[in-house]
Amino acid sequence: MTEITGSAAVVTGGGSGIGMGLAKELARQGAAVAVADILPDNARKVADEINDAGGTAIAIHCDVSDRSSIEQMKAEAVAELGTIQLVFANAGATSFMPVTELSESELDWMTEVNFKGVVWTFLTFLPDMIHAGGGHLVATASMAGLIPTLVPVHTAYAGAKMGVIGFVRSMQLEVEEHGVSCTIYCPGGVLNGMRDHNAKYRPARFGGPSDEQMQIPKASFQGNRLRFLTPDDVAPMVLQAVRDDRPFVFDHSEQRQQFRELYADVVESCFDDTERWEAR
Ligand SMILES: NC(=O)c1ccc[n+]([C@@H]2O[C@H](COP(=O)([O-])OP(=O)(O)OC[C@H]3O[C@@H](n4cnc5c(N)ncnc54)[C@H](O)[C@@H]3O)[C@@H](O)[C@H]2O)c1
């Protein structure tokens, strides 16, 4: 069991969407929260709303694609809130660049933020958790990472998110002896700020930021009737899974069937090939 009430938590990407929902729900459930984001005004706004509602929150500027920025964020969070027990590596950005046009800066942006951003956020806080004898690491991956063919024209993003799932599942084996739990959240359609603001999140060394509107290819969501939830809908569900030390948390039960059809059944049919080959 993971306790939330009375704990200190960090939420990256807490200035908008799912991260904002998590930060607010953590505060409602009695945690002190560090809202970290690459857009400091958004982080400040969320922290102010939490404090105005009687909770405890601080805002910290942080670019998770930059290790020194994560270390600086940790120093500020610990100085204000003490040892951190809960870390939500949630910051992310998206890409719908066709694979035949995929640029180095686009791929680097996706992997540095969505994959390595999660890795270095966790590895920055892990030593304190091991020293303290426990803690909980929560990664926001994606249903597009668990089922890479769910959303077409999404290669760099799906690859980075699937990488998160592989890294965290493997890491769990090494950290559980230290009382550290891991949970992977795979959102599958939550209202957010990405459609309008994704380009603003792009760090300069990857060619950003800009006010460019995100172009989503028709093929990406054709025939895929996504049911959208709100951040306030999903945040309590995620925190219950954290409290129960669950390895995964999903927010759309209907995506179980898509996981079977688009991933598990495909893998199974290829294992059938192997059995046939062996039986030859
Ligand atoms: N909304 C969905 O349906 C959905 C589906 C699958 C996965 N996700 C994942 O959920 C997470 C949250 O995204 P969201 O949907 O709430 O979108 P959002 O755009 O509302 O929030 C993303 C937040 O991350 C911040 N951010 C981006 N790059 C950053 C960086 N380098 N360093 C620090 N902060 C950075 C942004 O400023 C923003 O506040 C992301 O990891 C996203 O990939 C969301």
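Order of listing sets the numbers, starting from 1, for every ligand and every atom in it. We number each residue from 1, following the sequence as shown.
- Across Lys200 and Asp211, no two heavy atoms sit closer than the pair CE-OD1, 3.4 Å.
- The aromatic rings of Tyr201 and His197 sit tilted relative to each other, their planes meeting at an angle between 30° and 60°.
- Leu173 belongs to no multi-residue hydrophobic cluster, having no ILVMFWY side-chain contact under 4.5 Å with any other such residue.
- Side-chain atoms of Asn51 come within 3.5 Å of backbone atoms of Ala57 as a donor-acceptor pair (strictly under, hydrogens ignored).
- Around ligand 1, the residues contributing at least one heavy atom under 4.0 Å from the ligand are Gly13, Gly15, Ser16, Gly17, Ile18, Asp37, Ile38, Leu39, Cys62, Asp63, Val64, Asn90, Ala91, Gly92, Val113, Thr140, Ala141, Ser142, Tyr157, Lys161, Pro187, Gly189, Val190, Asn192, Gly193, Met194, Tyr201.
- Between Phe115 and Phe167, the ring planes lie perpendicular to each other; the angle is over 60°, past the 30° to 60° tilted range.
- A pairwise comparison of heavy atoms in Ala91 and Gly13 identifies CB-N, 3.6 Å as the closest pair.
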